[in-house]
Each structure stands twice: as C-alpha cells, then as structure tokens.
Amino acid sequence: MSVLGGAAAVAAKDLRIEVRGRYALGSLVPFAGTLLIAFGLSLGPGRTLLRETAPGLLWLAVLFASVLAFRRSYESEGEDGALEGLLLAPVDRASIFLGKAAAVTAQLLALEAIVLVLVAALFDLPLGHAPAVVAGAFVLGTVGLAAVGSLFGVLTESARAREAVFPLLVLPLATPILVAGVKATALATAGRAGEAGSWLGLLLAFDAVFVAAGTLVFGYLLED
C-alpha cells in the first residue's frame, strides 16, 4: 500500500470513530463555547473592545480545544492494544502520521466553522470583508496544529507524558501559528486583507516544516 493510500485508510478509520463517538460535537464544541463566553464576560460589555480582541480569543479557543482533540486521537489507539495492531498493519509509519493529521484537521475545521459563527454572533466580528483570507488562515493554521499534535500525540500513550510533557511540547511549538493566525484574522476582519500575505506565508512555511519533519521522524517516536 502506498504512503498516501495508507494515510487515507488511517484517516478514514479515525473519522469513523469520531462520527460514532461524536467526541468533537459532545466535548470540544461546548469547551470552546464556554471559553469564549468566559473570555467575553471577563472583558466586559464594551462592543469595541470585544470586537478588537475577538481574533485572539477565537484562536485561543481553537488552540486549547485542539490539544484535547490531539489527546483523543491517540486514546482510541491505546485501548485493548490497538496501537500495536496498527503498527503491525502493512502501512508505512509515515502513513500513520499523515492519516492522523488529516483526520484531526478535518475535525478541527468542523469545530472552527461552529466557533467562527459563535464569535461573529457574540463579539460582532465582521467576517464578510475578506472571507477567503480568514478561511485560508484557518486552513493553514489547522494543518500546522494537526501536524504538531499528531507528531507528539503518540506521547499520550504514557500517563506521565499525557499530563505534563505533551502540553509543554505542543503549546510552545504552536505559538507561531497562534501569532500568525491572530494577525491574519485581525487584518482580514479589519478590511486590510492585503497586509495579511506575510502572515499566511509564515503559516504555510510552518506547515511545510512540520509535515516534513513528522513524516521523517514519526516512526522513531513511535518505536520509543
């Protein structure tokens, strides 16, 4: 089986598990919504302040929800020795990484579509100025987040790493995505989409680096 064929099979398996369990719908969406409401209440009723801070709050909610999604992605593999079975399957280790990343990307994009609607309604964030730039920022940012989370998510098989090492690895590495995503979204919603090109380029470069790195080193992490 080719690398892409194996990745498609792994992604399809993870998405079937998600559809049956409805983890994102039942846990991640309420979690992200609660974060947004808490952030909004802490900032007060001023509509101007809420609108100005909305891009940052939006990306923070997505980032924290994505950490939960990464952990969930490997929890199903840890049950009943399923990870060992996956390793014995006739697929390349890179296929496992790419498939996991693709499945998490699809789940996060669905989550982000809902969260964007919530933010637009709660914080009066204008999304119509440059929807293509906003969509591009979230697609590129989500691919990068999924690459980082899928690369180190295998560490959640260790109980100690699950609680300590994994968040400490993922959150600092995701900082460039957070900064670039917030900047691109803020410029797009402020009617200055033409200035967002450099931030989108940063997201694209981040994606290329971590997808390539994950494809090359994931097998070694899996063996450890």
Measure the [atom1]-[atom2] distance between [X] and [Y] for me, rounded to the nearest 0.5 Å.
X	Y	atom1	atom2	result
Phe206	Ile177	CZ	CD1	4.0 Å
Leu58	Leu36	CG	CG	7.0 Å
Leu108	Leu63	CG	CG	10.0 Å
Ile96	Thr215	CD1	OG1	12.0 Å

Heavy-atom closest contact ([X] atom, [Y] atom, distance):
X	Y	answer
Val133	Ala188	CG1-CB, 3.7 Å
Leu111	Ala32	CD1-CB, 4.5 Å
Ala102	Ala11	CB-CB, 4.1 Å
Ala146	Thr105	CB-OG1, 3.1 Å
Leu203	Ala137	CD1-O, 3.7 Å
Leu151	Gly214	CD1-CA, 3.7 Å

For the pair [X] (side chain) and [Y] (backbone), establish whether a donor and an acceptor sit closer than 3.5 Å, ignoring hydrogens and angles.
X	Y	result
Trp59	Leu178	no
Thr189	Ala186	yes
Asp207	Gly144	yes
Thr175	Pro172	yes

Requested in this report: I would like to know whether Leu202 and Lys183 meet side chain to side chain contact (heavy atoms under 4.5 Å, CB included); could you show each step before the answer?
Outcome: CA-CA 11 Å; Leu202 176 59; Lys183 290 290 188 179; over 6 Å; no

Query - Thr142: side-chain hydrogen bond (donor to acceptor under 3.5 Å, both in side chains) partners, not counting sequence neighbours - result: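 With sequence neighbours excluded, Thr142 shows a side-chain hydrogen bond (donor to acceptor under 3.5 Å, both in side chains) to Glu112, given in chain and number order.
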
Requested in this report: Determine, stepwise, if the pair Phe70 / Leu145 fulfils side chain to side chain contact (heavy atoms under 4.5 Å, CB included).
Outcome: CA-CA 9 Å; Phe70 302 146; Leu145 285 175; 4.1 Å; yes

Shared hydrophobic cluster, [X] / [Y] (ILVMFWY, side-chain heavy atoms < 4.5 Å):
X	Y	value
Val211	Leu109	no
Val179	Leu200	no
Trp199	Val143	no
Val117	Phe138	no
Leu187	Val139	no

Query raised in the report: Any side-chain heavy-atom pair from Leu35 and Leu60 closer than 4.5 angstrom?
Result: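 Contact flag for Leu35/Leu60 side chains = no.
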
